Structures are given as C-alpha cells and as structure tokens.
Amino acid sequence: MFAILQISTGYRIMGLLHIIAAVAAFGPVLMYPGLKKAGETATLARLHMRVTFPALIVMWVLGMGLAGMSEDAYKVSQTWMALSIVVWAILVVASWLLIRPAITDDSPSAVSKMAAGSGITHLGLVIGLVLMIWKPGGPLGS
C-alpha cells in the first residue's frame, strides 16, 4: 500500500508537505541534548519556538486535510486515526510543558524535564510511524 494515496495531485502535495512538517517537527528534537550541553540555549529556544513547535501544529493541520480529502478511506472514527490524534495531542503537551520551559533553565529538574520531553517525543514519533504505516483498525490495516 502506498503511504500517500493516489487520489489527486493536490492530495499528493499535501501528503508531501505533511511529511516535511513531520521531519521539521521531530528532526531537531534529536539535536536538543547536544545543543543544550554546548550551551546553545538561545539557539535551542529559537529552533523550538520558530521551527519545531509550529511544524508540529502544521503537521496536524495537513494530516486533518489529508483525512478530509480522502474518499472515505481514512476517517477519524478509525482506530489508527483516533490514536494518531491522541499521540499528537500528547506531543504538543510534552513540547509545551516539558521541553519549552526546560530549554533555558539549567537546573536538575529542567534537565529531567528536557529528557522526559525528548523521550516522549521520540516514542511518539515511533508510535505515529507505526500507526501511519500499518493503520490498525483502518480499511486496509491488518
């Protein structure tokens, strides 16, 4: 099964933008520990608030657009779609409440929050990828 349905050119473009937004939302989080250790907290704060967090929001908007454009193949009532929305909401909360405040703080609790937020984000990425690829509870899922 194709990752992006062959519905229309617009659908393919939106799917591509959705994937690019996911890369922008998750990729930088892999660099956070190194940037924090290097003392690049200002760079990290700018990266998170100007790229990573907005990309997480754009990723959701485009994903909902893909669901809306699909011809009843993907609806929110399907297990994989509902779980994807729940995972996304957890990632937004982790990003806003754990990662964002810990970026410029060097206290031990901030280090723990950053580690927890990054770990939740990485786990969410893996869960999201599994949901998007296998689509459990979907019309084509197994």
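Residues: numbered from 1 along the sequence shown. Since we're looking at a predicted model, the values are computed, not measured.
Taking CD1 from I85 and CH2 from W80, the interatomic distance works out to 9.0 Å, rounded to the nearest 0.5 Å.
A ring-ring contact (aromatic ring centres under 6.0 Å, His included) check over residues 83-111, counting only residues at least two apart or in different chains, returns the pairs F53-W96, W60-W88. For residues 103-113, every residue pair satisfying the side-chain hydrogen bond (donor to acceptor under 3.5 Å, both in side chains) rule, not counting sequence neighbours, is listed here: D105-S107, S107-S109. Applying the side-chain hydrogen bond (donor to acceptor under 3.5 Å, both in side chains) test to pairs two or more places apart or on separate chains, those with a residue in residues 25-41 are Y32-H48, Y32-T52, E40-T43.
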For residues 118-125, dump all side-chain donor-acceptor pairs below 3.5 Å to protein atoms at least two apart in sequence or in another chain.
| unit_1 | atom_1 | unit_2 | atom_2 | d |
| --- | --- | --- | --- | --- |
| S118 | OG | M114 | O | 3.0 |
| T121 | OG1 | G117 | O | 2.8 |
| H122 | ND1 | S118 | O | 3.1 |

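In this structure F26 satisfies the ring pair (Phe, Tyr, Trp, His ring centres under 6.0 Å) test with no other residue, sequence neighbours excluded. Every residue two or more places apart in sequence or in another chain that forms a side chain to side chain contact (heavy atoms under 4.5 Å, CB included) with A24 is listed here: V51, A55. By the side chain to side chain contact (heavy atoms under 4.5 Å, CB included) test, I13 pairs with T9, L17, sequence neighbours left out.
Residues V87 and L129 fall within the same hydrophobic cluster, defined by Ile, Leu, Val, Met, Phe, Trp and Tyr side chains chained together at heavy-atom separations under 4.5 Å. In the hydrophobic cluster analysis, where Ile, Leu, Val, Met, Phe, Trp and Tyr join through side-chain heavy atoms closer than 4.5 angstrom, M31 is grouped apart from L98. Under the 4.5 Å side-chain heavy-atom criterion for ILVMFWY residues, no single connected hydrophobic cluster contains both V111 and I103. Both I99 and L44 belong to a single network of hydrophobic side chains, linked directly or stepwise wherever heavy atoms of I, L, V, M, F, W or Y lie under 4.5 Å apart. L56 and L47 fall into different hydrophobic clusters, where Ile, Leu, Val, Met, Phe, Trp and Tyr are joined by side-chain heavy atoms under 4.5 Å apart, directly or via other members.
Shown here for S84 and M132, the closest heavy-atom pair between the two residues is OG-CE, 3.0 Å. Contact between L131 and P136 at its shortest, heavy atoms only, is CD2-CG, 3.8 Å. When all heavy atoms of G15 and L66 are compared, the pair lying nearest together is N-CD2, 3.5 Å.
Clustering of Ile, Leu, Val, Met, Phe, Trp and Tyr by side-chain heavy atoms under 4.5 Å joins L30 with none of the others.
Two residues are said to be in side-chain contact when any heavy atoms from C-beta on lie closer than 4.5 Å; H18 and M64 fail this criterion.
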